[in-house]
Structures are given as structure tokens and as C-alpha cells.
Colleague: 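Questions regarding the structure given below will be posed in turn.
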Amino acid sequence: TDSDTADEAVRATCDDASICKRFATSKSYWKDPYIQYFVRQIGYYARVQGVNHLLDTFLRKTSCDCQVVNLGAGLDTTFWRLKDENLLPKKYFEVDFPMIVARKLHNIKTKPPLSKPIIETHSTDSLLIESHSLDSDRYCVVGADLRDLPALEDKLKKFHMSPDLPTLFMAECVLVYMTPEQSSKLVHWVADMFPTAMFVNYEQVNMEDRFGQVMVENLQRRQCNLAGVEVCRSLEIECLEFLDEKELLQQLLQHYCICWASKDRLRLGFSSLRP
Ligand code: SAM
């Protein structure tokens, strides 16, 4: 009824109030360590619900008989989460600049909670750790520049990446640091080399500037142009947090965009995947 709808609108204002309070505390206007448990943060939510859900669904559809390649992985911890959840692919690869990889490997070597799961999933005593790469049975970290595709391909092949396995590529806040030409070459390289693959891209874009608008258009075009790609979808999520008018405007211009595209030679049913 009309009065139900009206009451629902009134009830919804409690969310707005909490979101405002949460945003204010995140800006240190005052302290409230409990408000975070009542409201979700939309950027984080988009990422966890979007990228992780696509990843987990891909793993389930392939019964984990697949590879995952995290491009520009930085200090991301997805490998450990998948291990905990019993959802590890045959092999999980990460690529980042050699300097970042060196930092990550230092932490892995010196912190048992990080090294233990890698050792546990490795069958032999010897585990290859060089200054800019790590190779174990299930986890591999490669120092490489994503703009140098022949070198990237050589390194991944050296660590036994197999183009015949279904492979999920993920890039979270990474392609924005490359020119559209470089990132489109990267996407084409994936499409040319892997008959069964999915490419998931998550990017935060500011719609205020022309750059942000072009980014969203490019992201969509780039992935939809994939040779042989059957399905390409994207989702833009507006950020809902706000405080005053100025903050509101700033927040509304902040968009999160998830694009995913797939080729499904093995007919595993990726086309129906959505976050
Ligand atoms: N994907 C990670 C995450 O979401 O936590 C890290 C995101 S961080 C904003 C961007 C990462 O991309 C950095 O670790 C950076 O070193 C990496 N990156 C950017 N351009 C790259 C390139 N050309 N080659 C390799 N890594 C690159």
C-alpha cells in the first residue's frame, strides 16, 4: 500500500544517517569505532561482491581445474583466502613490478602465517625463491612489466603456465596506470593465447573529468573488442557515501566500474556469470 511505501522511505533514512556518520568518522570529525559494523562501505562492497564473487564462481564452475593470474597484484592476499576456503586453482599466479615482488617476497619469507600455506601446498622440499620471483606448486609470483608482453609470456611459461587450462585474469586498479593502447594489447594477448578465459577488471573512475568518462568508455570498448569474446558485461556502481553538499558531489562523481569478458571454448558456462 501507499503507507507501506511511505514508511519504507522513512525507514531508509536510518541508513543515510549512519552512512553520513560513518563518512564523518572516516574523515576524523569525531571517533566512532562501531559505526563501521552497521554500514557497508560501497567501494569495498563493490570490490568484494564483484571481483571476489566472479572469481569464486569461476573456480566453482571449473572445479578449480584452472589457473588464476592476478595482474598488478601488489600486496593482495587472495591466494591465502582461497587456500583457507579450499578454493585454490591448480596454480595461482601474480605479476607485478620486480621491486614490488621483492617487497612481497621479503614479507612472505619472514612471516610464517604467509609462508606456511605455500609450503603446505608444495610437494617437494625445494621451493624456488629468487629475489624477484617465487615458484611453488600452487602459488607463483613473477616480477615483470605488464607493458612488455614477450617478456611476460616467457616468464609465465617458465613457471609452467598452461594456455590450455581455463584461466581467469584479474586486474584491480591496475590498467589505469597504462595507456589505453598498452592495456588493450594486454587484453588482446590474453584473447589470442587462451581459448577458455575470463578477464575481470575493476577500476575506480572519477566521472567529473573527461578522463574518467573516457576511461569507462574505453574499459568497455577494450574488453568488448576482444577477439573471439562471446560475452562482455560491465557494471558501474555509484558511491553512496556523503556528508555535506560538497562531499556529496565529490562522492557522486566517484564511480566504481567492473568489466568482465569471457571466451568459453570448453563451454563451462561463463556467459551467465555476474556479480
Ligand atoms: N591489484 C592490487 C590490489 O588491488 O590490491 C594492487 C593495486 S595498486 C593500485 C596497482 C598495482 O599495479 C601496483 O602494485 C603496481 O606496481 C602495479 N602495476 C602498475 N603498472 C604495472 C606494470 N606496467 N607492470 C607491472 N605491474 C604494474
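Reckoned from all heavy atoms, side chains included, excluding hydrogens, waters and symmetry mates. If you're wondering where the values come from, they're calculated on a predicted model, not measured in any experiment. As the structure lists them, so they are numbered: ligands from 1, and atoms in each ligand from 1.
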Colleague: Hey, does E172 come in under 3.5 Å of ligand 1, counting only N/O atoms on both sides?
Modeller: yes

Colleague: Who gets closest to atom 10 (C) of ligand 1 by heavy atom: G74, G143, C173?
Modeller: C173

Colleague: What heavy-atom pair brings N107 and R103 nearest, and what distance separates the two atoms?
Modeller: ND2-O, 3.0 Å

Colleague: Is there a nitrogen or oxygen of M178 sitting under 3.5 Å from a nitrogen or oxygen of ligand 1?
Modeller: no

Colleague: Which atom pair, heavy atoms only, marks the closest approach of E94 to D76?
Modeller: OE2-O, 3.7 Å

Colleague: Should A171 be listed as contacting ligand 1, given a heavy-atom distance under 4.0 Å as the test?
Modeller: no

Colleague: Can you sort out which atoms of ligand 1 are near D145, meaning under 4.0 Å from one of its heavy atoms?
Modeller: 22 (C), 23 (N), 24 (N)

Colleague: Answer with yes or no after comparing the ring centroid distance for W80 and Y139 against a 6.0 Å cut-off, counting only values under it.
Modeller: yes

Colleague: Heavy-atom pairs closer than 4.0 Å: do any link ligand 1 to the side chain of Y177, the backbone, both, or neither?
Modeller: side chain

Colleague: Given side chains that start at C-beta, do those of L59 and L168 come closer than 4.5 Å, heavy atoms only?
Modeller: no

Colleague: Give yes or no for whether the N/O distance cutoff of 3.5 Å, strictly under, is met between D96 and ligand 1.
Modeller: yes

Colleague: Counting from 1, what ligand 1 atoms have a heavy atom of A144 closer than 4.0 Å?
Modeller: 24 (N), 25 (C)

Colleague: Scan for salt bridge (Lys or Arg N to Asp or Glu O under 4.0 Å) pairs involving residues 132-143, sequence neighbours excluded, and state none if there are none.
Modeller: K91-D135

Colleague: Looking only at distance, does L146 have an N or O less than 3.5 Å from an N or O of ligand 1?
Modeller: yes

Colleague: Can you tell me how far CD of E85 sits from CG of L88, rounded to the nearest 0.5 angstrom?
Modeller: 10.0 Å

Colleague: How many angstroms lie between atom CZ of F58 and atom SG of C66, to the nearest 0.5 angstrom?
Modeller: 5.0 Å

Colleague: Please determine whether a side-chain nitrogen of the Lys or Arg among K90 and D65 lies less than 4.0 Å from a carboxylate oxygen of the Asp or Glu.
Modeller: yes

Colleague: Could you tell me whether I100 approaches ligand 1 through its side chain, its backbone, both or neither, with non-hydrogen atoms closer than 4.0 Å?
Modeller: side chain

Colleague: Does an N or O from N70, backbone or side chain, lie closer than 3.5 Å to an N or O of ligand 1?
Modeller: no

